[in-house]
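Written below as structure tokens is the structure these notes are about.
Quick note on labels: first sequence line is chain A, next is B, and so on, each numbered from 1.
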There are 2 protein chains.
Amino acid sequence: MEHEAKQVDSRTRLLNATLQIVRAKGYTATRIEDICAEAGVTKGSFFHHFKSKDELALAAVAHWDALTGGLFASAEYHRIEDPLERLLAYIDFRRELLQGELPDYTCFAGMITQEAYLTRPDLVAACERSITAHARTLEADIEAAIEQSGNRADWTAASVALHTQAVIQGAFILAKATGDTAIAADSIAHLRRYIELLFSPR
Amino acid sequence: MEHEAKQVDSRTRLLNATLQIVRAKGYTATRIEDICAEAGVTKGSFFHHFKSKDELALAAVAHWDALTGGLFASAEYHRIEDPLERLLAYIDFRRELLQGELPDYTCFAGMITQEAYLTRPDLVAACERSITAHARTLEADIEAAIEQSGNRADWTAASVALHTQAVIQGAFILAKATGDTAIAADSIAHLRRYIELLFSPR
DNA sequence: ATGATTATACCGACCAGTGGGTATGCTGTC
DNA sequence: GACAGCATACCCACTGGTCGGTATAATCAT
């Protein structure tokens, strides 16, 4: 049942299992033993690495942040010179990421946020940092695209950056509701069109 | 503690309490006794009206559907004649609904979908029907707006309708993450601008 | 080197609180 | 007196967390 080679250390296997299972079932519904089973580790080992389920969740957000941070930092779209084109390529990249089963491409931070925003403020704060930090990586390009287009904008780059994340999060929910990845892709296509229209001359 | 007058019958009070608490804490984390306490009703009464927590959830989705269905059906924006203007007024209306605490304006169906999409297919199916049915109420106007604008569209009215819902769902998540309603409003403002750009001549 | 000491990783039986669900009985109304 | 509506007491499966213990490996004194 283990989905990972044994060379990876238990702690990391537990974190990866957490990302997977929580995205599939939600945080509260995920039992510690589910995670242990997926990671191929015993409960004793779990509590050796994490004091509590909550501490695990916090560590998992950090893990998620590191994983996705790496993924986007090393992605191809950064090679493109033109800022608008680079932004559009980022969106295309997000669309291409919609592969495999839903729990594989869905956002861990978004999922946790939904469930925890009233009950676990520290956890939500961590998710918020992760999401907004990611959004912030787009701001420079948006700013440059505004500059380039010459259009005077009555909206900020930051607000557009956050909007891209909102669309992506919403796309995930629709995909879950309908069980259809294509619907998420459609929404991201609309997002792309919006960006194009926003920066097209006149 | 009761938030509702006693004249409303227990069953309805339980359903309303469910909408409230589930939107705040998520489905799994919501205990039946939480709902009973909020509704001012005992557990015995609860199980008189609902066979199980799952049955409650199903009934709550139906209740949600009825409530929101009524809210939108009787909303002002239908009075507007021009289809594009009516569509934009709908979006404005959605933005105006962002009042009060987060659990008051957040989407019950979206929340449930996130948590249940793998474990409770029937529940998700009910949510999906609710969301897509709502989206479908916009299609005619979008269709008419396409007609009117004369632009040939390489996207369908249905797809735009679903996109509006994706943006709104995503806006909720960002609002939860940041604890800031204004961010949700910003995203909906971007949605409005998208629709305007989409139908603006040339 | 070799043995003593200590830290790290791990195991799995067990405990205790929680929470979904049941059994049963009371009360008012038709 | 039958039945809807509601209350109380209770049951028990489940699950987060504990605890005593083992295996392995680094650290270090002699």
Side-chain angles (χ1 to χ4, degrees), chain A residues 1-22 24-61 63 111-112 115-116 118-120 122-123, chain B residues 1-61 63 112 115-116 118-120 122-123:
Chain A
M1 261 306 153
E2 291 87 298
H3 297 108
E4 288 184 76
K6 270 284 192 287
Q7 21 280 67
V8 184
D9 64 354
S10 297
R11 195 188 135 90
T12 308
R13 290 216 309 282
L14 284 166
L15 288 172
N16 286 335
T18 303
L19 298 187
Q20 207 59 26
I21 302 188
V22 167
K25 309 205 301 183
Y27 177 67
T28 313
T30 296
R31 296 173 311 154
I32 290 179
E33 295 194 355
D34 292 340
I35 295 169
C36 292
E38 172 82 13
V41 155
T42 62
K43 215 170 167 181
S45 176
F46 176 93
F47 280 101
H48 171 70
H49 292 289
F50 304 101
K51 271 210 301 291
S52 67
K53 195 183 173 187
D54 267 37
E55 193 189 284
L56 167 74
L58 226 35
V61 174
H63 186 58
M111 183 94 203
I112 291 277
E115 263 187 274
L118 258 191
T119 42
R120 264 160 283 246
D122 52 337
L123 203 52
Chain B
M1 261 305 154
E2 292 85 297
H3 296 109
E4 286 184 79
K6 271 284 193 288
Q7 35 259 76
V8 183
D9 63 355
S10 296
R11 195 188 135 91
T12 308
R13 290 217 308 282
L14 283 167
L15 289 173
N16 286 335
T18 303
L19 298 187
Q20 206 59 25
I21 301 189
V22 168
R23 285 190 289 175
K25 310 204 302 183
Y27 177 66
T28 313
T30 297
R31 295 173 311 154
I32 290 179
E33 296 194 359
D34 292 340
I35 295 169
C36 292
E38 172 81 12
V41 154
T42 61
K43 219 169 161 180
S45 177
F46 176 94
F47 279 101
H48 171 70
H49 292 289
F50 304 101
K51 272 211 298 293
S52 67
K53 193 183 174 185
D54 267 38
E55 192 189 283
L56 166 75
L58 228 34
V61 174
H63 185 59
I112 291 277
E115 263 187 275
L118 257 191
T119 43
R120 265 161 282 244
D122 53 336
L123 203 53

Pairs under 3.5 angstrom, nitrogen or oxygen only, protein versus nucleotides 24-26 of chain D, please.
none

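- Using a 4.0 Å cut-off on heavy atoms, the residues of residues 49-61 of chain A that approach DNA chain D are A/Ser52, A/Lys53, listed by number.
- Distance, B/Lys43 NZ to D/dC11 P: 13 Å, rounded to whole Å.
- For the salt bridge (Lys or Arg N to Asp or Glu O under 4.0 Å) test, residues two or more places apart in sequence or in another chain that qualify with A/Arg120 are A/Asp54.
- The separation between A/Glu33 atom CD and D/dT15 atom C1' is 7 Å, rounded to whole Å.
- Straight-line distance from the CZ atom of A/Phe47 to the C1' atom of D/dG17: 5 Å, rounded to whole Å.
- Across every non-hydrogen atom of A/Gly26 and A/Met111, the tightest pair is CA-CE, 3.6 Å.
- The nucleotide range of DNA chain C contacted by chain A, defined by atoms under 4.0 angstrom from heavy atoms of the protein and reported 5' to 3', is C/dA9 to C/dG12.
- Atom-to-atom distance recorded for B/Arg13:CZ and B/Ser45:OG is 8.0 Å, nearest 0.5 angstrom.
- Considering only residues two or more places apart in sequence or on other chains, A/Lys53 meets the side-chain hydrogen bond (donor to acceptor under 3.5 Å, both in side chains) condition with none of them.
- Legend: salt bridge (Lys or Arg N to Asp or Glu O under 4.0 Å) pairs involving residues 39-49 of chain B, not counting sequence neighbours, sorted by first then second residue: B/Glu33-B/Lys43.
- Every residue two or more places apart in sequence or in another chain that forms a side-chain contact (heavy atoms from CB on, under 4.5 Å) with A/Ala57 is listed here: A/Tyr27, A/Leu123.
- Between A/Thr18 and A/Thr30 there is no side-chain heavy-atom pair separated by less than 4.5 Å.
- Partners of A/His63 by side-chain hydrogen bond (donor to acceptor under 3.5 Å, both in side chains), not counting sequence neighbours, listed by chain and number: A/Asn16.
- For the atom pair CD1 of B/Ile21 and CG of A/Leu118, the computed distance is 11.0 Å after rounding to the nearest 0.5 Å.
- Using a 4.0 Å cutoff on non-hydrogen atoms, the parts of residues 23-30 of chain B near DNA chain C are B/Thr30, ordered by number.
- Nearest approach of A/Glu38 to A/Ala17, heavy atoms of both residues: CG-CB, 3.4 Å.
- Interatomic distance, A/Ile35 CD1 to A/Leu56 CG, rounded to the nearest 0.5 Å: 5.0 Å.
- In this view, B/Thr28 and B/Glu115 satisfy the side-chain hydrogen bond (donor to acceptor under 3.5 Å, both in side chains) rule, not counting sequence neighbours.
- Straight-line distance from the NE2 atom of A/His48 to the P atom of D/dG20: 17 Å, rounded to whole Å.
- Remark: A/Phe50 pairs with A/Phe46 by the ring-ring contact (aromatic ring centres under 6.0 Å, His included) rule, at least two apart or across chains.
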